[in-house]
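Encoded as structure tokens, the structure appears first; notes follow it.
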Protein chains: 2
Amino acid sequence: MNISKVAKIAQLPTKTVRYYSEIGLVAASGRTEAGYRDYSEQDARKLCFVRRAREFGFSIEECRSLLSLYEDRERSSSEVKALAQTRLDEIEQKQRELQSLHTAISHLIKNCSGDHRPDCPIIDYLEQ
Amino acid sequence: MNISKVAKIAQLPTKTVRYYSEIGLVAASGRTEAGYRDYSEQDARKLCFVRRAREFGFSIEECRSLLSLYEDRERSSSEVKALAQTRLDEIEQKQRELQSLHTAISHLIKNCSGDHRPDCPIIDYLEQ
DNA sequence: CTAAGGTTTCCAGTAACTGGAAGGTCAACG
DNA sequence: CGTTGACCTTCCAGTTACTGGAAACCTTAG
């Protein structure tokens with residue numbers, strides 16, 4: 001199938017599919033005589049897999065690892081679990097950061113009158 | 001004062017200070033004869049202000065707005081409050097996204113044995 | 001045969017820096 | 001006075017994961 005068909009199946013923009021082939025993440029299994037990329041069903045599954053992993057916030061390099069584990073029939077689940085755990089740790093770290101930002105900013109907003117006067121605790125705080 | 005001194009005061013890498021001058025966010029108020037950037041106390045305060053705003057996750061362009069409000073003695077606090085509220089909304093959106101990722105990934109991890117066998121619900125889930 | 005719409009490659013831009021090279025400057029030490 | 005080391009300058013490239021666009025080629029329908 002051509003690139004627009006596989007892109008539709010994988011729910012990715014064609015630009016992204018082309019990009020993934022360029023960086024060697026998921027290449028087309030062949031080319032037509034005219035040089036068009038020719039994707040197989042298996043390629044489509046891989047692209048789908050990558051899209052879902054990306055939605056989970058795995059980086060391209062992590063996707064590369066996951067993909068090789070996905071393709072490895074002899075893989076152990078521990079390797080995959082370790083990658084997922086790393087990702088979970090990152091998420092928790094980010095959550096803690098966002099929570100403290102949320103606390104700080106909402107506190108500032110609560111104390112800002114938000115009227116036409118120039119007094120502003122937000123500016124004052126940033127100015128310190 | 002020279003760039004390394006102002007960088008130390010503002011707690012920013014000199015590279016970043018140079019970058020901020022390059023993009024016209026906070027320029028040095030002058031240059032020495034030899035062409036060295038020459039920063040004033042006020043420049044130092046602005047750089048500090050920007051660093052703190054960046055730590056709150058404001059983008060460079062938002063910092064530009066905040067900076068012009070900071071410099072405007074006639075500003076109304078409502079403009080600043082609106083920017084902060086936008087930032088808070090973004091934070092809350094990101095928090096919701098991270099929460100659903102956390103739920104999904106931790107669920108997958110809980111169901112993965114993580115041993116030497118190839119069976120892995122994480123891969124299975126991504127494969128669907 | 002032509003026109004529309006697909007495909008190719010290549011180049012540039014995004015956000016916000018960061019690293020490094022080549023070269024000019026400054027202060028101190030002997 | 002020379003030199004050494006630590007500054008400073010500009011410019012270029014790389015980072016992440018695409019995205020937009022141009023020029024040129026291919027395919028398919030009418």
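Bear in mind the structure is a predicted one, so any value in this text is a computation, not a measurement. Only this structure's heavy atoms are used, side chains among them; waters, hydrogens and symmetry mates stay out. By convention in this document, chain letters (A, B, ...) are assigned in the order of the sequence lines, proteins followed by strands, and residues within each chain are numbered from 1.
- Using a distance-only test at 3.5 Å, with no hydrogens or angles considered, a donor-acceptor pair links the side chain of B/S77 to the main chain of A/D115.
- Rounded to whole Å, atom P of C/dT8 lies 10 Å from atom CG of A/D38.
- Look at B/R37 and you'll find a side-chain N or O under 4.0 angstrom from OP1 or OP2 of D/dT9.
- Ion pairing between A/E55 and A/R51 holds under the 4.0 Å rule for side-chain N and carboxylate O.
- The shortest distance between the side-chain N/O atoms of A/R31 and the OP1/OP2 oxygens of D/dC26 is not below 4.0 Å.
- Side chain to side chain, A/R96 and A/Q99 fail the donor-acceptor criterion of an N or O pair below 3.5 Å.
- Computed from coordinates, the B/K8 NZ to D/dC8 P distance equals 12 Å when rounded to whole Å.
- Proximity note for A/Y36 (side chain, C-beta onward) versus C/dG24, C/dT9, D/dC26: the nearest is D/dC26.
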Checklist entry - Which parts of nucleotides 10-17 of chain C does protein reach within less than 4.0 Å, heavy atoms only, written one letter per nucleotide 5' to 3' as B for base, S for sugar-phosphate only and - for none? => result ------BB

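- At whole-Å resolution of the value, CD1 in A/I3 and P in D/dT19 are 13 Å apart.
- Under the 3.5 Å distance criterion, the side-chain polar atoms of A/N2 are left unmatched by any main-chain donor or acceptor of A/Y36.
- Side chains of B/T86 and B/D89: no donor on one and acceptor on the other come within 3.5 Å.
- Residue contacts shown for B/S4 are limited to sugar-phosphate atoms, with no base heavy atom under 4.0 Å away.
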